[in-house]
Protein chains: 2
Amino acid sequence: MTVGIRHDEMRKRNRAMVIAAVRQADRPSRTHIARVTGLSHSTISAIAADLIEEGIMREAPPGEAAAPRRGRPQIAIAPDPNAARVVCLLLSFNSLSAVLVDYCGAPIARHSHRLPTLALSREELMGATVEAVRKVTAGHGPILRIGVAVQGIADSAGKEMLWSPITPHANVSLGPVLEETFAVPVTVHNDSNLIAVALRWRRPERYRDNFVAILLSHGIGMGLVLDGHMFKGEHSSGGEFGHMNHRPDGPLCRCGKRGCIEAYAGNYAIWRRAHGKSPMEKPVADIDASEMEALANAARDGDARAREAFREAAEALGYGLGNLFALIDPAPIAVVGQGTTAFDLLEPEIRRYLAQTAGGQHADAISFEAESNEVPLIEHGCAMTALTSLDREYFAPALHLALPVGAPRREDVA
Amino acid sequence: MTVGIRHDEMRKRNRAMVIAAVRQADRPSRTHIARVTGLSHSTISAIAADLIEEGIMREAPPGEAAAPRRGRPQIAIAPDPNAARVVCLLLSFNSLSAVLVDYCGAPIARHSHRLPTLALSREELMGATVEAVRKVTAGHGPILRIGVAVQGIADSAGKEMLWSPITPHANVSLGPVLEETFAVPVTVHNDSNLIAVALRWRRPERYRDNFVAILLSHGIGMGLVLDGHMFKGEHSSGGEFGHMNHRPDGPLCRCGKRGCIEAYAGNYAIWRRAHGKSPMEKPVADIDASEMEALANAARDGDARAREAFREAAEALGYGLGNLFALIDPAPIAVVGQGTTAFDLLEPEIRRYLAQTAGGQHADAISFEAESNEVPLIEHGCAMTALTSLDREYFAPALHLALPVGAPRREDVA
DNA sequence: CTCATTTTTTCGAGCCTCGAAAAAAAGAAT
DNA sequence: ATTCTTTTTTTCGAGGCTCGAAAAAATGAG
């Protein structure tokens, strides 16, 4: 049972709505905010005045060179970059990077280094993340939140990394450790989910209420947005598309099961097949991008084994997408990551197999878009997730709750 | 962008919340409503007074023999059965039934008859539904809404039957025809989705935020509730679990594709396999329940072909559920329909195959519950869907909107 | 018959949003 | 240069809603 709406709740929601409108439009005027939120000008005026006085928003020069028109010029409103700072951590195979981001989403500082994730103990891994946050925040004042993007599965509450290919340890409690150390809320996210978040911010006209983001890389990841909501499981970050079964008793997957889509379409699987290894051979830990490029080129040049490896990858992906689309209606697909450099080889075959499934009824109407570098997307998604959490939890509270440092309440100031 | 909350919107929502609380609890007191909604006693008192004055609710003798306690006795509140009536239509293979239901959900009148759905023209089919509504409402005053439950796929707006095995016609516009004839809102639903709705009302302690309802019958249907929301596609009623692909190039499915789960686990598939027919033989239209019972008994008695048919059905279901659970986290499963009479044969095998998939990690923790008769569930789900729509759209409007006949507004009365 | 207890209603205070009108800020017209 | 137009933003009073506290109601216990 959802809880009833009380009076302060109403203000809270409308504040949140105004903040969201400011983030979505680029420096909108009050009039524009009133239009998109459906609230009256007077209400927007009041809320905007509050937000500005509290240091959350500020008036700014108008965005896209507004053609000088008759009448009182619009006053653009933008988030105040100094209202808050958050840290985004990106943890992936042999690599950890941290970015300090201002309240507008612009990076302030950046720090990344390589580390042998597979070899680290649980404590060393957590210690490294703590250290990365320390380094990137050094000399930049307090932060209000930390977001962590991980390869692998997070729990739905965003506190732990339940499983990840980058480490032998399960249930790594990154959230609690960072929360205790830095005394700010921390959430751990699956990287593919964050890619979907980023696509939503970058291309809302294409990626809005229903779409699929697929990460083709060493493994296969998926972020799914349904009905405008990021899709998550009850316990885990969910959406393990790569571990749907393609063929019972198929090749060995990194997860230990057999016949997963990833065991056909992950880099290691394509590499294993193209090199004529046994399908039951244990997946190698990592493969250089250049090596995958070479395989793709071999396939383009007609190398039979390489062609077959990519064909089988496409078959698994095609049937997998078909099965997904049997459950949800077909939706725009974004394909992201290193694997997209061979997408010219994959796409026609994917479409061919997709057309053979019930979900692929109108396979030719299904559209793919590829983007090879996933890292900026993950970072962007992580930042926006952290910032919108701030928007909701810190900057749109019921008014009698305490506000964070740097955001004095109207009454406190007057 | 969600729209802002205005003042009348607040009242509307809180009214809706109170009505929902009354439906969910059995004849709650005002105090109970205040507790579950989180609203104050004064607010509940005011809203309840409005609802009673408008004829939507009424005070009723307390529900479950409240032990006589000290203090002022609670006054139970219940929906006024006379506030509205709705019609539920159940359209399935060779059968059409209509139920007239009061605002409490109790059936007032019922009418059903057999008709050769496969042979009917589009117009005859629609005409039959109109006639069924006429018959069941005759002499009972006006209705406020019609819900239609169909085997097959509805569009997400609930206006059309996009595809159904019971008729050769696609895109049958049941909604518009009935809406025009009876001048009330009409929604068309997939039957499996309604089963899920009914389970939610009947067993909220087990079926609430995340669960799967599987309909095992001539075909395979699925209703999926995720995060408390009925799962639907963007265009269709969605969740075509039965048409996920089990084996590329597998047996011929009723949908025309090959290797769908249904082509292994639907009654027609089990029958085809057990009778040694070719996997590519066109599925028969219908199979008598007694014949399926006989097959199940043969399998129990050790008949090899029958055993194998059920084993293959279980394999397809097991892998299919595993794939589903790779996407969503495992959730309680309700298995409904004629096919459950053989569930003793299926369940152990389903678990065995499920355990071989990534989604079946903890296969032994996944629980099944079977219920053989789906019709009462579909009817119940259809009724509750229609009634809760009324609750929201008619009985919790912004106050300056018109109210339907039979529910005079406070001002009109005073 | 009075007291204790629990539920329900009443009442005034405090917020919030809204519409209308006023104020502000520019370009256009004279 | 000054006045008109147009558009945006702010101000202000009205109305509606929820809340907490207190009162009223209804019953069992003593």
Side-chain angles (χ1 to χ4, degrees), chain A residues 3-18 27-53 57 59-63 66-77 396-401 409-411, chain B residues 3-18 27-53 57 59-63 66-77 396-401 409-411:
Chain A
V3 86
I5 301 181
R6 307 157 52 147
H7 230 140
D8 46 355
E9 183 78 7
M10 182 163 65
R11 202 11 161 350
K12 172 176 174 169
R13 290 207 195 187
N14 286 342
R15 276 173 67 105
M17 192 119 355
V18 169
R27 284 179 280 174
S29 66
R30 290 168 175 78
T31 307
H32 180 259
I33 299 173
R35 194 166 50 242
V36 299
T37 58
L39 296 168
S40 72
H41 287 184
S42 8
T43 302
I44 300 301
S45 191
I47 291 178
D50 283 357
L51 292 173
I52 289 169
E53 201 158 89
M57 297 285 156
E59 301 191 337
R69 284 183 310 155
R70 216 162 172 180
R72 178 172 177 174
Q74 303 186 341
I75 307 170
I77 296 187
L399 282 181
H400 49 79
L401 294 181
R409 286 175 53 207
R410 186 171 208 168
E411 295 84 343
Chain B
V3 85
I5 301 180
R6 306 157 52 148
H7 229 142
D8 47 353
E9 182 78 4
M10 181 164 65
R11 206 358 158 7
K12 173 177 174 168
R13 290 206 195 188
N14 286 343
R15 277 172 68 105
M17 191 120 353
V18 169
R27 283 180 280 176
S29 67
R30 290 168 175 76
T31 306
H32 180 259
I33 299 173
R35 194 166 50 241
V36 298
T37 59
L39 296 168
S40 72
H41 286 185
S42 5
T43 302
I44 300 301
S45 190
I47 292 178
D50 283 357
L51 292 173
I52 289 169
E53 201 158 272
M57 297 286 156
E59 299 189 339
R69 285 183 308 154
R70 212 160 175 183
R72 180 173 175 172
Q74 303 186 341
I75 307 170
I77 296 188
L399 282 182
H400 48 81
L401 295 181
R409 286 175 51 209
R410 183 168 209 169
E411 296 82 346

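The structure displayed is predicted, hence computed values, not measured ones.
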Checklist outcome for this item: Nearest heavy-atom contact between B:Ile77 and B:Ala48 is CD1-CB, 3.9 Å
Item to check | Nearest listed nucleotide, side chain of B:Thr43, among D:dC19, C:dT17, C:dT7 | outcome: D:dC19
Checklist entry - Looking for any heavy atom pair under 4.0 Å, which part of the strands does A:Ile75 touch: base, sugar-phosphate only, or nothing? => result sugar-phosphate
Checklist entry - OP1 or OP2 of C:dT17 less than 4.0 angstrom from a side-chain nitrogen or oxygen of A:Asn14, does that happen here? => result yes
Checklist outcome for this item: Closest to the side chain of B:Arg69, out of D:dT8, C:dT7, C:dA25, is C:dT7
Checklist entry - Of all the nucleotides listed (D:dT9, C:dC16, C:dT8), which has the minimum atom distance to the side chain of A:Arg72? => result D:dT9
Checklist entry - Can you tell me how far C1' of C:dT7 sits from CD of B:Glu59, to the nearest Å? => result 12 Å
Checklist entry - Do B:Arg69 and B:Gln74 come within less than 4.5 Å of each other through their side chains, counting heavy atoms only? => result yes
Checklist entry - Within the structure shown, what part of the strands sits under 4.0 Å from A:Ser42 by heavy-atom distance: base, sugar-phosphate, or nothing? => result base
Next on the checklist: Starting the side chain at C-beta, find the nucleotide from D:dT27, D:dT5, D:dT10 nearest to A:His41.
Outcome noted: D:dT10
Next on the checklist: Please report the distance, rounded to the nearest Å, between CD in B:Glu53 and P in C:dT9.
Outcome noted: 12 Å
Item to check | d(CZ, A:Arg15; C1', C:dT17) in whole Å | outcome: 16 Å
Checklist entry - Roughly how many Å is it from CZ in B:Arg11 to P in D:dG16, rounded to a whole number? => result 11 Å
Checklist entry - Separation of A:Ile33 atom CD1 from D:dT9 atom P, in whole Å? => result 9 Å
Checklist entry - Is the closest side-chain heavy-atom distance between B:Arg11 and B:Ile47 below 4.5 Å? => result yes
Checklist entry - Which sits closer to the 5' end of DNA chain C, B:Ser29 or A:Gly71, going by the nucleotide each is nearest to? => result B:Ser29
Checklist entry - Could you give the distance from CZ (A:Arg13) to CG (A:Leu39), rounded to the nearest 0.5 Å? => result 12.5 Å
Checklist entry - Would you find a donor on one side and an acceptor on the other, under 3.5 Å apart, between the side chain of A:Thr37 and the backbone of A:Ile33? => result yes
Next on the checklist: As a test of reading the structure: which of D:dT18, C:dC18, C:dA28 is closest to the side chain of B:Ile47, going by heavy atoms?
Outcome noted: D:dT18
Item to check | Contact nearer the 5' end of DNA chain D, comparing A:Ala48 with A:Arg70 | outcome: A:Arg70
Every protein N/O lying under 3.5 Å from an N/O of nucleotides 13-15 of chain D:
residue	atom	partner	partner atom	Å
D:dG15	N2	B:His7	ND1	3.3

Checklist outcome for this item: Whole-Å distance, A:Arg13 CZ to D:dT18 P, equals 13 Å
Checklist outcome for this item: Rounded to whole Å, the CG-C1' distance (A:Leu39 to D:dT9) equals 16 Å
Next on the checklist: Please compare A:Met10 and A:Pro73 by the position of their nearest nucleotide in DNA chain C and report the one closer to 5'.
Outcome noted: A:Met10
Checklist entry - Picking from D:dC19, C:dC18, D:dT10, which would you name as closest to the side chain of B:Ser40? => result D:dC19
Checklist entry - A:Arg27 and A:Ala76: which non-hydrogen atoms are nearest, and at how many Å? => result O-CB, 3.5 Å
Checklist entry - What closest approach, in Å, do A:Ala34 and A:His41 show between heavy atoms, and which atom pair accounts for it? => result CB-CD2, 3.2 Å
Item to check | salt bridge (charged side-chain N to carboxylate O under 4.0 Å, His left out) partners of residues 30-39 of chain A, not counting sequence neighbours, each pair once | outcome: A:Arg30-A:Glu59
Next on the checklist: If I take atom CZ in residue A:Arg30 and atom C1' in nucleotide D:dT11, what distance separates them, rounded to the nearest angstrom?
Outcome noted: 14 Å
